[in-house]
Amino acid sequence: METKNWQQEQERLELVRNKLQVRISELEPEVAGLHDQAADIRKRFWEEVTMNTSTNEDFEESFFTINQQSAVLAERERGHKRLMQQWKNMKHLLPSPYFGRIDFQEKGINLREQIYIGVSSFVDQDGLSFLIYDWRTPIASLYYDSSPGPASYVTPSGSIEGTMELKRQFQIQNGKIHNMFDASETIGDDLLQQVLGNGANSQMKSIVATIQKEQNAIIRNDKSRMLIVQGAAGSGKTSAALQRVAYLLYKHRQTIKADQIVLFSPNPMFSSYISTVLPELGEENMQQTTFQEYLDYWLDSSLRPEDAFDQIEYVLTAQGTPGYEARLQGIEYKTSETFLQALQNYRLWLGREGMRFTGIRVQERDLITAEQMKAKFYGYDDTLPLINRVVLLQEWLLNELASLERLEREAPWVQEELNYLDTEQYVEAYRMLHKEKEVFDVAERYAAILKNNKSQPRGDEGDFDFTQREEGLLRRKIVKEYFKPLRKSVKKFSFVDIKGIYGQLFVDEAAYQEKANGAAVPAQWPEICRQTKEMLDRNELFHEDATPYLYVKELIEGVRTNTDIRYVFVDEGQDYSSFQYEYLKKLFPRARMTVLGDFGQAIFMQSTSLAGDDSPLVRLFGEADTSLFCLLRSYRSTREIVEFTKSMLPDGGDIVPFDRKGPKPVLTRLDSRENRDSQILADIAALRGKGLESIAIITKTAAESREAYESLRIQGNETLQLITKETMNFEKGAMVIPVHLAKGVEFDAVFVYDASPEAYGRDNERKLLYTACTRAMHRLHLYTTGDWSPFVQALPVDLYEISSYSAR
């Protein structure tokens with residue numbers, strides 16, 4: 001870059017920073033002033049309002065005064081929030097105001113416009129001249145999508161054509177230009193090399209300065225109801241999704257708020273890992289949850305569902321135990337579209353027969369029996385949908401309970417309860433009766449006035465029987481307290497025996513086929529039934545049963561839809577079953593969906609293919625409303641690590657490594673576990689000495705993680721973290737982590753703790769090993785105390801190095 005250009009750009013940068021500093025200084029007293037005003041109004045709110053309800057006019061005046069004060073307070077708080085966000089954006093811009101520049105000349109206009117692009121917009125004092133354009137503006141798409149020459153971009157009013165004269169990239173730190181490149185087709189490799197060469201962070205960072213063309217197409221897609229992103233490990237799927245959230249909040253800022261977008265993360269730690277990206281872009285975080293958290297919230301509190309991590313732990317560690325093969329068949333079947341269709345058929349059968357109810361009891365007596373409920377339910381018009389009849393039954397039960405409550409006041413057990421009431425309860429009843437007495441006296445006077453008979457005597461104490469009324473009042477209170485939870489449970493549909501209804505599907509094959517309209521079953525169906533019933537008897541659910549159970553519950557009680565949510569994002573989407581996707585669509589009927597995943601990392605049994613004609617995701621919204629993007633270029637790891645990992649997959653040849661050089665993966669074979677642990681600790685220390693701070697020792701299972709952690713901790717003085725499914729925050733340092741929790745996260749270095757055939761020998765363990773290895777950015781080490789996994793043995797020998805410490 002010529003010195004003259006560099007000097008001009010630095011001068012322009014200093015000019016923009018000076019204007020930013022001036023505007024920040026101007027905003028600070030305004031922000032503080034509005035904050036103080038809002039605080040003062042809030043503090044003095046009731047001092048400014050005199051509540052007077054003496055007359056209708058006084059009441060109306062008080063009402064409007066309160067409304068007026070509330071409106072003033074709300075306006076001050078909105079103004080403060082708006083200015084505060086502007087102030088924060090400018091403070092964030094100050095160290096590095098922009099990262100790109102394009103010079104664009106619109107067709108038919110003899111003016112070459114210089115467009116500087118940053119994280120947010122900054123307008124000069126005239127209110128018209130953009131010194132910095134937000135990366136989400138339509139014109140900024142030129143920076144990501146086009147090369148110098150003829151170019152166009154789309155605005156709400158149509159396409160703008162012209163010529164891009166220049167495309168320049170900057171690296172600016174603390175107000176100084178450190179690097180500057182003129183790029184051609186894509187965001188330059190020089191900038192990417194420097195960004196990707198940095199160490200791993202404990203939290204994901206924004207990628208707006210290095211968004212690639214294919215990622216930009218994902219970010220700005222606002223047409224498809226279903227957006228599927230099938231991407232190789234490290235291809236920037238999650239990063240693109242988070243920038244997409246920021247783009248949607250910017251484009252639809254008048255109609256969509258952050259809490260109308262929900263992201264389903266693979267685990268709670270991942271939620272912490274990505275939590276700073278949107279605030280870094282000046283946006284509030286969207287809602288984040290896991291599918292397991294949703295299941296736990298809505299399932300019956302008496303049921304304890306297994307989570308996905310316990311399920312995979314069983315699959316990986318229980319080979320050879322009784323019932324193992326049947327469990328695997330059950331997982332595959334219960335997460336399939338076949339089982340979904342069977343449950344839809346089951347609903348029709350329940351409409352004719354087989355509904356199960358739980359009787360309502362009080363004091364060990366049946367008030368309303370399950371048989372009465374069943375007779376009432378099937379007495380309704382059988383053309384009515386199942387849920388409508390359940391609601392009618394609910395209304396009938398509430399009316400019955402109201403009648404029974406009145407009758408129950410004379411029951412013998414109520415008299416016994418009266419005998420055990422304490423003095424305080426009697427005093428409270430006495431006070432209530434005195435209030436009734438006052439009302440009684442007023443009514444007597446009013447009645448006398450109406451009869452125009454002022455000489456008629458008022459009621460005396462004899463007209464108002466305190467003793468009789470006191471006992472009646474206390475009886476009502478006693479019975480009301482007993483019936484209150486009964487009414488509450490009826491309102492929550494607790495009278496429907498969902499556990500029994502779901503459980504009766506698993507009696508035997510003949511009964512199941514009758515209820516599910518002849519649905520085919522796996523070969524080991526009797527054992528699957530036994531296992532399922534055994535769990536239900538313990539008030540537990542297999543993970544593969546949790547979604548179907550909730551689905552049956554909502555077929556009967558009604559679907560809990562959330563129409564406020566407008567966008568749903570699913571990360572690690574290959575780990576969801578087709579059943580779960582159907583459920584999500586029903587749960588968020590107005591939402592568009594973005595699914596991100598990599599079938600190469602499909603380590604759960606219920607995994608779903610994202611791409612291809614057989615993908616259930618395409619059928620979910622229809623081909624016309626579905627867009628599929630394939631990201632094949634991997635940015636996370638060095639070329640050497642990508643070449644190594646992609647060769648593990650039968651179809652990994654399509655993955656394209658980014659050309660960032662580094663050492664080849666290192667294979668180390670030791671003759672004992674103690675020597676392996678000692679070597680791992682030595683390798684950690686060596687890499688720390690080279691500035692690599694984030695190091696993961698990845699194991700196959702959680703049980704192996706615990707064993708490795710204890711063994712390594714005893715062996716040396718290295719500070720290690722043990723990551724479990726309960727870990728909420730992701731931090732730098734050396735950690736021991738099972739592969740299923742490492743998904744979606746990246747590390748400076750990865751040590752595969754045991755790469756033997758015993759750990760990764762079966763074909764369904766190939767993707768586990770691939771997932772573990774693809775977490776590495778700069779260094780990858782694999783260890784064994786015996787033979788190598790067949791997936792390692794099959795690799796070309798020129799893709800790795802043998803450690804000099806390896807046992808011969």
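Because the structure is a prediction, the values reported are computed rather than measured.
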Check whether any side-chain heavy atom of [X] lies under 4.5 Å from a side-chain heavy atom of [Y], and answer yes or no.
X: E283; Y: V245; value: no
X: I24; Y: W87; value: yes
X: V595; Y: L227; value: no
X: P266; Y: T290; value: no
X: R23; Y: E26; value: yes
X: I139; Y: I160; value: no
X: I218; Y: L631; value: yes
X: I274; Y: L263; value: yes

Under-4.0 Å salt bridge between [X] and [Y]:
X: D259; Y: K257; value: no
X: K251; Y: D222; value: yes
X: R12; Y: E9; value: no

Tell me, yes or no, whether the heavy-atom count around [X] atom [atom1], taken from other residues, nucleotides or ligands under 6.0 Å, exceeds 12.
X: N110; atom1: CG; value: no
X: Q125; atom1: CD; value: no
X: Q21; atom1: CD; value: yes
X: K88; atom1: NZ; value: no

Between [X] and [Y] (side chain of the first, backbone of the second, donor and acceptor by atom type, cut-off under 3.5 Å), is there such a pair?
X: R779; Y: P663; value: no
X: R592; Y: S224; value: yes
X: N89; Y: S120; value: no
X: T727; Y: I723; value: no
X: K743; Y: Q601; value: yes
X: K107; Y: E161; value: no
X: Y144; Y: V208; value: yes
X: E284; Y: A258; value: no
X: N221; Y: K223; value: yes
X: D564; Y: Q260; value: no

Nearest 0.5 angstrom please: [X] [atom1] to [Y] [atom2], how far?
X: E623; Y: L628; atom1: CD; atom2: CG; value: 10.5 Å
X: I228; Y: F629; atom1: CD1; atom2: CZ; value: 10.5 Å
X: I102; Y: Y143; atom1: CD1; atom2: OH; value: 9.5 Å
X: L281; Y: Q243; atom1: CG; atom2: CD; value: 5.5 Å
X: E746; Y: M777; atom1: CD; atom2: CE; value: 4.5 Å
X: N174; Y: K176; atom1: CG; atom2: NZ; value: 10.0 Å

Geometric cation-pi criterion [X] and [Y], 6.0 Å radius, 45° cone:
X: K19; Y: F122; value: no
X: R244; Y: Y247; value: no
X: R168; Y: Y116; value: no

Audit row: R660, H778, side chain to side chain donor-acceptor pair (under 3.5 Å) steps and yes/no: CA-CA 9 Å; R660 180 168 63 87; H778 309 299; 2.9 Å; yes
Steps toward side chain to side chain contact (heavy atoms under 4.5 Å, CB included) verdict (L93, L20): CA-CA 8 Å; L93 284 174; L20 275 168; 4.1 Å; yes
Considering all heavy atoms, the nearest [X]-[Y] contact:
X: I132; Y: P97; result: CD1-O, 3.6 Å
X: A233; Y: S634; result: O-OG, 2.7 Å
X: K661; Y: T638; result: O-CG2, 3.9 Å
X: N562; Y: P589; result: O-CD, 3.9 Å
X: I256; Y: L249; result: O-CD2, 4.1 Å
X: P657; Y: R639; result: CG-NH1, 3.5 Å

Among W6, Y98, F99, ring-ring contact (aromatic ring centres under 6.0 Å, His included) partner for F170: Y98
Donor-acceptor pair between E572 and Q574 side chains, under 3.5 angstrom: yes
Donor + acceptor pair across side chains of E293, T289 (<3.5 Å): yes
Test log, rule side chain to side chain contact (heavy atoms under 4.5 Å, CB included), inputs N729 and M269: CA-CA 5 Å; N729 295 312; M269 187 181 73; over 6 Å; no
Chi angles and distances behind the side chain to side chain contact (heavy atoms under 4.5 Å, CB included) call for K91, L94: CA-CA 5 Å; K91 292 276 285 185; L94 193 58; 5.7 Å; no
Matching residue for D103 among R112, E113, M164, K167 - test: side chain to side chain contact (heavy atoms under 4.5 Å, CB included): R112
Aromatic plane relationship, Y581 with Y576 - under 30° parallel, 30 to 60° tilted, over 60° perpendicular: tilted
Residue pair S157, T155: steps toward the side chain to side chain donor-acceptor pair (under 3.5 Å) verdict: CA-CA 5 Å; S157 58; T155 71; 3.1 Å; yes
Centroid-centroid distance, F130 to Y133, less than 6.0 Å: yes
